[in-house]
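What follows is a short report on a single structure.
Every chain is numbered from 1, with letters handed out A, B, ... down the list of sequences.
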Amino acid sequence: MKYEFQSIEKKWQSRWESEKAFAAVNGSSLPKFYALIEFPYPSGDGLHMGHPRPYTAMDIIARKRRMQGYNVLFPMGFDAFGLPTENYAIKNKIHPSVVTRRNIKRFSDQLKMLGYSFDWDRCVDTTDPKYYKWTQWIFLKLFEKGLAYKALIPVNWCTSCKCVLANEEVVDGECERCGAPVVRREKSQWMLKITEYAQRLVDDLDSVDFIERVKTQQRNWIGRSVGAEVDFATTAGDTLRVFTTRPDTLFGATYMVMSPEHALLQKWSPGNPGEIKAYQDAAAKKSDFERTEMAKDKSGVEIKGIRAVNPVTGGEIPIYISDYVLASYGTGAIMAVPGHDQRDWEFAKKFALPIVEVVKGGDIEKEAFEDCDTGIMVNSGFITGLPVEDAKKKITKWLADEKLGEEKVNFKLRDWVFSRQRYWGEPIPIVHCEKCGYVPLPESELPLLLPDVENYETTETGESPLASMPEWTATVCPKCGGPAQRETDTMPQWAGSSWYFLRYADTGNDTALASREALDYWTPVDWYNGGMEHTTLHLLYSRFWHKFLYDIGVVPTPEPYMKRTSHGFILGEDGQKMSKSRGNVINPDEIISEYGADTSRLYVMFIGDFEKTAPWSSKAVKGCKRLLDRIWNLAETNTADDSASGSSSSTGSRAAESTGACECSAAHETAIHKAIKKVGADIENLKFNTAIATLMSLVNDFYATPPTRGDIKVLLTLLSPFAPHIAEELWEIQGFGGSAASQPWPDYDESKTLDAMLEIAIQIGGKLKGTVMAPIGSGDDDLLSIVVSDEKISRLIGGGKIVRTIIVKNKLVNLIVS
RNA sequence: GCGGCUGUGGCGGAAUAGGCAGACGCGCUGGCUUCAGGUGCCAGUCCGGGUUCCCGGGUGGGGGUUCAAGUCCCUUCAGCCGCACCA
């Protein structure tokens, strides 16, 4: 019989589906395991070969956990709101909901073809009103607690999407989605106060098992820095407050710089108003990206007629405006210490301002001496002579005592711009009332349905398509009953994905986002694998929402995910990132129809280190197909007849079938126990490639010495998480009873993983000269006598004298010969 | 500029805790089987030299520690990914 993967895979997939073979059980007494992967955006292109990599990995883990006796929740869903669908809908004149339904169907079919052990009954769709009701509900809670607010802010405006973007969505001054230039605009936007959680988002990273690069990237993004705020008196009468991480360098502050947007500038009447206005206007036109692009060349204008007073020296110093100071960080103004900050140094050189050394060690004629954390203070009054650390403490205390400043922690993290001027998103459940301001809809009116519109194209004015539907926007104020307008912006795509994993615990619930009981049992997620590109987006956002939900008593834990790992991309065959425009996209449908799902699964896992990028190779897939063919040949002829396994053996050396726990033969006992140990450990460490290599080696062994039924049984058990269809089919053919997927994960016996005889390397002077076989655990003396009695080695030693021997047990003998 | 990662055969990649570099797979070479084969099986395959066997070299480059270095230290080059005037 041939390995007919098409019919075999179809057979098992439909059986799994009809039997709901992988349903997670709420209310089970078993220990739970929650395995999560990032749900996909169902684009019109369908899956590409990058998707199966993380999915297969978690499927293997989920299947192994089931075999280990866990009640496993391994769900799938669709993050279906978003721009590409809307853009596609506009272009093809099809309603986004129709497009979404079609895409979800296609994705589901493709995923089912790969044999994933998802609990399909728990599938979620973020565009389903039953789902987004709770997204809106969370927004109302955020609003209620003052964490959602509307503000007029400069925003990133995508010139093509005609839509506001979050900072996280702007890449190199371009829209992350469409690549169009992003410019700056002032708009009134809904904002979420993620900054309120900045400290906890940093601190709690210590309590979770995330791979280090994820933690580092989140820490850098949040950007916590400790310093002080310091007040400078000015001749205008106002005090100018700055933030600095180096209060110890206060004696070196020889001028000040304010951002062009600083509020005090509107109040002051400097001697050169025209010049200042011109600079402000020029700065306002630039996008953030343009401003940073100009970074190399410092520009600025002095505010004539107004000076600041350095609080420690008492000296009057000039004040400038310059766009190298950002309005959005700290206080929007700085004290410039050109001796110890390169940016200030460049500015000071350009404007011929004094540069004072306050920490010894550098050459401030050449450049700012920045790397001075351990130096000694000079030219610094009462802190002269102190090490930097002590100087910091002393001056911070002095500032506080004199009421001139205080210790202060700042974050780079900004509040989250939460509104989008687009149609295909969750409507924000707020109305604008002339009398009452922004009024939340009562919970009973949720979900606020996204209305059907004739035309969902964006407008040049930058308003949401919903704004052109007066019959929808006109409503009554829930508070005073007067006329009011609905909010017409929608939520960003990140909204639905910020809490979807909670919904899986209790998908059908219509009285809560999920029951507390279900959340208590299933959350937190035990293992979450996803892309690095989401580290400062989805992963951070969802941690923020989760902490908020924890604070209001909805979820039982402060962190949503116990463990986070990340996979590398699969590149196209040309080593470039897969993309339609490059034409190097590998379509899973083709691979599945040519080689089958099991081979596809094996190959995406075998392709290379899971955590690194790896280029696709259509040739190399064959190796995995060959493995399955070889296993098929072994097990398909090894029928249920007890004696059959042995009768075909021609070696005659094979021992009788063992009756031990794992039922393996004496001939393969060591290899099998080694394989059980290695495959199990490799799965836990995401080393799927070497796990599969181990299976290949075992199969090679089985070809050299025919396996028994017991040997085959273990092989199929180990294979089952990787290639579940063929494993089940052969399991059935062999008549082992039950299913491969429901077998306990095999145990290994450490003592049986050890070879009786080991090859010992022999070195002379550290160079390999040969090997000998020796019994495991041989003592130093025994080993040495074996080595020196070796014909070749004794010849090489010749008349020399062994002056030293280094013996590493079970590994090598190194002889130093004089 | 800052932070992180990676450099190993023709290719993808292996190498617990410093201990035989190149597991496993692709490709390639040879043989056998079936020959309808683009199937299967067996053997070989880091490089160079003499060819049972042996000798020398080898993990981006240079230096060091060590009996022993892909692995540790210093230095240098190349590539990738984040962040980027955050005071």
Whole angstrom value for the distance that separates [atom2] of [N] from [atom1] of [X]:
X	N	atom1	atom2	value
A:D344	B:rG1	CG	C1'	16 Å
A:R224	B:rA87	CZ	P	12 Å
A:K412	B:rC83	NZ	C1'	7 Å
A:R630	B:rC24	CZ	P	11 Å
A:L537	B:rG82	CG	P	12 Å
A:K622	B:rG40	NZ	P	9 Å
A:L815	B:rA68	CG	C1'	13 Å
A:H340	B:rC85	NE2	P	23 Å

Tell me, yes or no, whether the heavy-atom count around A:D781 atom CG, taken from other residues, nucleotides or ligands under 6.0 Å, exceeds 12.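 No - once you tally the heavy atoms of other residues, nucleotides and ligands closer than 6.0 Å, there are 12 at most.
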Does NZ belonging to A:K577 count more than 12 external heavy atoms closer than 6.0 Å?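 Check fails, neighbour count at 12 or below.
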Counting side-chain heavy atoms from C-beta on, which of [options] comes nearest to [X]?
X	options	answer
A:Y703	B:rC42, B:rC85, B:rC26	B:rC42
A:R626	B:rA87, B:rA84, B:rG40	B:rG40
A:S697	B:rG3, B:rA87, B:rC24	B:rC24
A:W221	B:rA84, B:rC26, B:rA87	B:rA84
A:N700	B:rA87, B:rC41, B:rC24	B:rC24
A:Q217	B:rA87, B:rG82, B:rC24	B:rG82

Using a cutoff of under 3.5 Å, can you pull out all pairs of nitrogen or oxygen atoms linking the protein to nucleotides 52-59 of chain B, with atom names and distances?
residue	atom	partner	partner atom	Å
B:rG57	OP2	A:K767	NZ	3.4

Return the nucleotide paired to [N]: Watson-Crick means purine N1 to pyrimidine N3 with N6-O4 or O6-N4, wobble means G-U with N1-O2 and O6-N3, both under 3.5 Å.
N	answer
B:rC83	B:rG1
B:rA78	B:rU6
B:rG38	none
B:rA69	none
B:rA43	B:rU29
B:rU16	none

Carefully, step by step, assess A:E38 and A:R564 under the rule salt bridge (Lys or Arg N to Asp or Glu O under 4.0 Å). CA-CA 11 Å; A:E38 287 166 346; A:R564 169 79 176 188; 2.8 Å; yes
A:R241/A:E406 salt bridge by N-O under 4.0 Å criterion: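 A:R241 and A:E406: salt-bridged.
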A:E750 and A:K677 ion-paired at < 4.0 Å: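 Salt bridge present between A:E750 and A:K677.
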Polar atom pairs (N or O), protein with nucleotides 11-19 of chain B, under 3.5 Å:
residue	atom	partner	partner atom	Å
B:rG12	O2'	A:I607	O	2.7
B:rA14	OP1	A:N689	ND2	3.1
B:rG19	N2	A:Q763	OE1	3.3

With no hydrogens and no angle check, do the side chains of A:D701 and A:H668 hold a donor and an acceptor under 3.5 Å apart?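 Short answer, no.
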Check for a donor-acceptor pair, side chain of [X] on one end and backbone N or O of [Y] on the other, with a separation under 3.5 Å.
X	Y	result
A:D755	A:T670	no
A:N810	A:G777	yes
A:H340	A:T249	no
A:W345	A:I364	yes
A:K215	A:L205	yes

Can you check the distance between [N] and [M], where both ends of the measurement are the [atom1] atom (answer in whole Å)?
N	M	atom1	value
B:rG30	B:rA78	C1'	39 Å
B:rA69	B:rA21	P	10 Å
B:rA87	B:rG22	P	50 Å
B:rC35	B:rG40	C1'	12 Å
B:rG9	B:rC24	C1'	15 Å
B:rG27	B:rG38	P	14 Å
B:rU51	B:rU59	P	28 Å
B:rG61	B:rG70	P	11 Å

Look at all strands and tell whether [X] reaches a base, only sugar-phosphate, or nothing, counting heavy atoms closer than 4.0 Å.
X	value
A:T694	nothing
A:T771	base
A:I816	sugar-phosphate
A:A693	base

Looking only at side-chain N and O atoms, does [X] come under 4.0 Å of OP1 or OP2 in [N]?
X	N	answer
A:Y329	B:rA87	yes
A:R219	B:rC2	no
A:R213	B:rG4	no

For residues A:Y320 and A:F347, establish whether the separation of their ring centroids is below 6.0 Å.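 That pair passes the under 6.0 Å test.
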Relative to the 5' end of RNA chain B, which residue comes earlier, A:N410 or A:N220, by the nucleotide with the nearest heavy atom?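 The residue whose closest nucleotide sits nearer the 5' end is A:N220.
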Want to settle it: does A:T244 or A:C624 sit nearer the 5' end of RNA chain B, counting the closest nucleotide to each?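 Whichever sits nearer the 5' end wins; that is A:C624.
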Look at the side chain of A:E759 against the base of B:rC20 and say whether a donor-acceptor pair falls under 3.5 Å; ignore hydrogens and angles.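 Yes, a donor-acceptor pair under 3.5 Å.
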Does B:rG56 count as syn, meaning its glycosidic angle lies within 90° of 0, or as anti?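 Because its glycosidic torsion lies more than 90° from 0, B:rG56 adopts the anti conformation.
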By ring-ring contact (aromatic ring centres under 6.0 Å, His included) - contacts of A:F569 (at least two apart):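 A:F569 satisfies ring-ring contact (aromatic ring centres under 6.0 Å, His included) with no other residue.
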